[in-house]
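Quick notes on the structure that follows.
Remember, predicted model here, so these are calculated numbers, not experimental data. Whatever order the structure lists them in is the order used to number ligands and atoms, beginning at 1. All values below come from the heavy atoms of this structure, side chains included, with hydrogens, waters and symmetry mates left out.
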Amino acid sequence: MTAAAFSASVLGLELRDLPWRRTRDPWAVLVSELMLQQTQVARVAERWPAWLAAYPDPTACAQAPTADIIRSWSGLGYNRRALNLHRAAQLMVEVHGGRVPNTLDELLALPGIGPYTARAVLAFAYEVPVGVLDTNAGRVLARGVAGRPLGWREAQTLADGLVPAGQAWRWNQAVLDLGARWCRARGPECEACPARSACAWAGAGRPPPDPAQGTAAASAGQSTFAGSDRQGRGRLLRHLGTHGPAPAGQLAAVAGWPEDGARALRVAAGLVGEGLARWTPEGHLALPQ
Ligand code: ADE
């Protein structure tokens with residue numbers, strides 16, 4: 001089977017109707033892709049519209065107090081993304097006239113925007129023919145096109161080369177859908193997969209090892225949330241956002257580790273170090289000003 005046959009079956013895919021697929025606004029696309037990186041589709045679908053209504057463009061975001069931005073991210077996890085987005089919005093205002101830039105280099109220069117997010121903005125907002133490569137896309141290309149594991153650079157080159165002319169948006173959304181719905185990491189549903197007849201790995205009878213294993217874009221996945229520092233960080237930030245500053249002596253209880261004050265202080269210090277929180281002169285932990 002050829003890459004061309006694979007491309008044809010990917011382009012024929014019926015896409016899921018997701019809210020961010022109804023816009024090409026670069027800011028809206030950027031926000032959705034940042035949220036989608038580490039938060040489930042269903043939760044992003046719930047939260048993204050309200051977030052954008054509150055901060056409809058880079059200027060609105062840039063002008064908001066940092067504390068509001070952190071509060072608005074509550075429940076989405078990985079709050080550093082909110083802080084980076086806020087800083088990126090400020091740079092868009094200062095350097096790019098209040099717009100999301102439309103070149104790879106300018107996007108990559110913004111905080112929190114890596115190769116995945118930069119290409120997602122280029123393909124989904126500006127129809128630039130680049131391959132949007134995340135874990136899911138890497139898996140799809142390794143199995144479907146190469147039939148063997150791919151290194152990151154190799155996967156990115158392959159992804160960029162596969163985008164059909166004028167179809168950057170559709171192609172990349174379809175590849176992501178294929179990975180989410182059929183070409184799953186564990187237990188791919190090849191029997192039902194619309195690209196099956198053109199898939200290199202399926203065509204070879206799915207010989208082990210699975211090409212997805214060892215494909216470089218594959219992430220390690222999220223670590224367990226319950227009992228993690230991440231969970232405590234989230235609890236602290238949510239508390240500061242809703243109740244205001246908390247005395248150091250209360251942090252262990254707020255973080256959910258009543259017996260481990262040292263851990264709570266260490267995690268609080270981490271938040272302060274990242275700019276997600278600050279100590280007040282009274283020694284309370286607070287959101288940034
Ligand atoms: N995951 C990352 N980007 C996505 C998108 N645009 N649609 C669905 N899932 C995604």
Which atoms of ligand 1 are found less than 4.0 Å from any heavy atom of [X]?
X	value
Y116	2 (C), 3 (N)
W20	5 (C), 6 (N), 7 (N), 8 (C)
L18	7 (N), 8 (C)
Q173	5 (C), 6 (N), 7 (N)

Closest approach of any protein heavy atom to [atom], naming residue and atom:
atom	value
atom 10 (C) of ligand 1	L36 CD1, 3.8 Å
atom 8 (C) of ligand 1	R21 NH2, 3.3 Å
atom 3 (N) of ligand 1	E33 OE1, 2.8 Å

message = Is there a path of hydrophobic side-chain contacts, each under 4.5 Å between heavy atoms of I/L/V/M/F/W/Y residues, joining I113 to I69?
response =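 Linked, I69 and I113 end up in one cluster.
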task = State, yes or no, whether a side-chain contact exists between W48 and L36 at a heavy-atom distance under 4.5 Å.
result =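 SC-SC contact between W48 and L36 ruled out.
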ask   = Hey, are the side chains of M92 and W27 touching, using non-hydrogen atoms and a 4.5 Å cut-off?
value =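 Touching, per the 4.5 Å side-chain cut-off.
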message = Looking at Q63 and A60, would you say the former's side chain and the latter's main chain have a donor-acceptor pair under 3.5 Å?
response =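 No; zero donor-acceptor contacts below 3.5 Å.
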query = Is the side chain of R47 donor-acceptor paired with the backbone N or O of S72 at a distance under 3.5 Å, no angle test?
reply =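 Looks like yes, one N/O pair under 3.5 Å.
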key: Closest non-hydrogen atom pair, P111 against A88   =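 In terms of heavy atoms, the two residues are closest at CG-N, 3.8 Å.
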